[in-house]
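See below for the structure under consideration.
Indexing begins at 1, ligand by ligand and atom by atom, following the structure's order.
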Amino acid sequence: MALRKIRTGNDECLRKVCKPVKEINNTMLTLLDDMADTMYDADGVGLAAPQVGILRRAVVIDVGEGLVELINPEILETEGSVKDSEGCLSIPGATAEVIRPAYAKVKALNRNGEEITVEGRGLMARALCHEIDHLDGILYIDKAVGDIMY
Ligand code: ZN
């Protein structure tokens with residue numbers, strides 16, 4: 001268990017399309033542990049692997065309902081749309097309004113390699129979409145409606 005350095009600003013890792021995780025080995029499990037530690041330490045609700053410089057499709061989320069670890073996540077379904085304020089650990093001190101689905105359903109693998117589905121509304125739907133965007137090099141500021149507030 002350890003903290004990893006969160007990549008910020010113009011770091012090129014934040015703009016890459018990440019590769020699928022092929023094998024859930026000890027390196028991947030350590031990465032997931034470190035990502036959760038790093039997220040909690042930074043008071044975030046989500047963190048994607050490229051934010052710690054690893055270009056693989058893995059994210060961790062905790063919106064206050066417990067830790068969710070997602071490997072190779074894919075959005076299956078969304079419903080509705082909500083505009084709300086959003087921030088990102090890789091863009092410290094900034095927020096902007098982003099329109100996201102009100103509901104999202106995602107499939108992924110868990111750390112045991114089992115297929116799981118995770119669904120959520122509100123902040124959970126927002127976090128799922130935000131973190132999965134990171135895996136494709138997309139930042140919320142790309143989708144901001146209106147000004148980015150510092
Ligand atoms: Zn982010």
Tell me if a side-chain donor or acceptor on D136 pairs with a main-chain N or O of D133 at a distance below 3.5 Å.
no
Are any of the side-chain nitrogens in K5 or D11 under 4.0 Å away from the carboxylate oxygens of its partner?
no
Quick one: do R111 and D33 make a salt bridge, cutoff under 4.0 Å?
yes
Pair up each side-chain donor or acceptor in residues 19-28 with any protein partner under 3.5 Å, not counting sequence neighbours, and list the distances.
unit_1 : atom_1 : unit_2 : atom_2 : d
N25    : OD1    : T27    : N      : 3.2
N25    : OD1    : M28    : N      : 3.0

So for atom CG, which belongs to N112, do other residues, nucleotides or ligands contribute more than 12 heavy atoms lying within a distance under 6.0 Å?
yes
To the nearest 0.5 angstrom, please state how far the CD atom of E86 sits from the CD1 atom of I141.
11.5 Å
Residue-atom pairs from the protein, N, O or S only, that lie under 2.8 Å from the Zn ion (ligand 1):
C88 SG, H130 NE2, H134 NE2
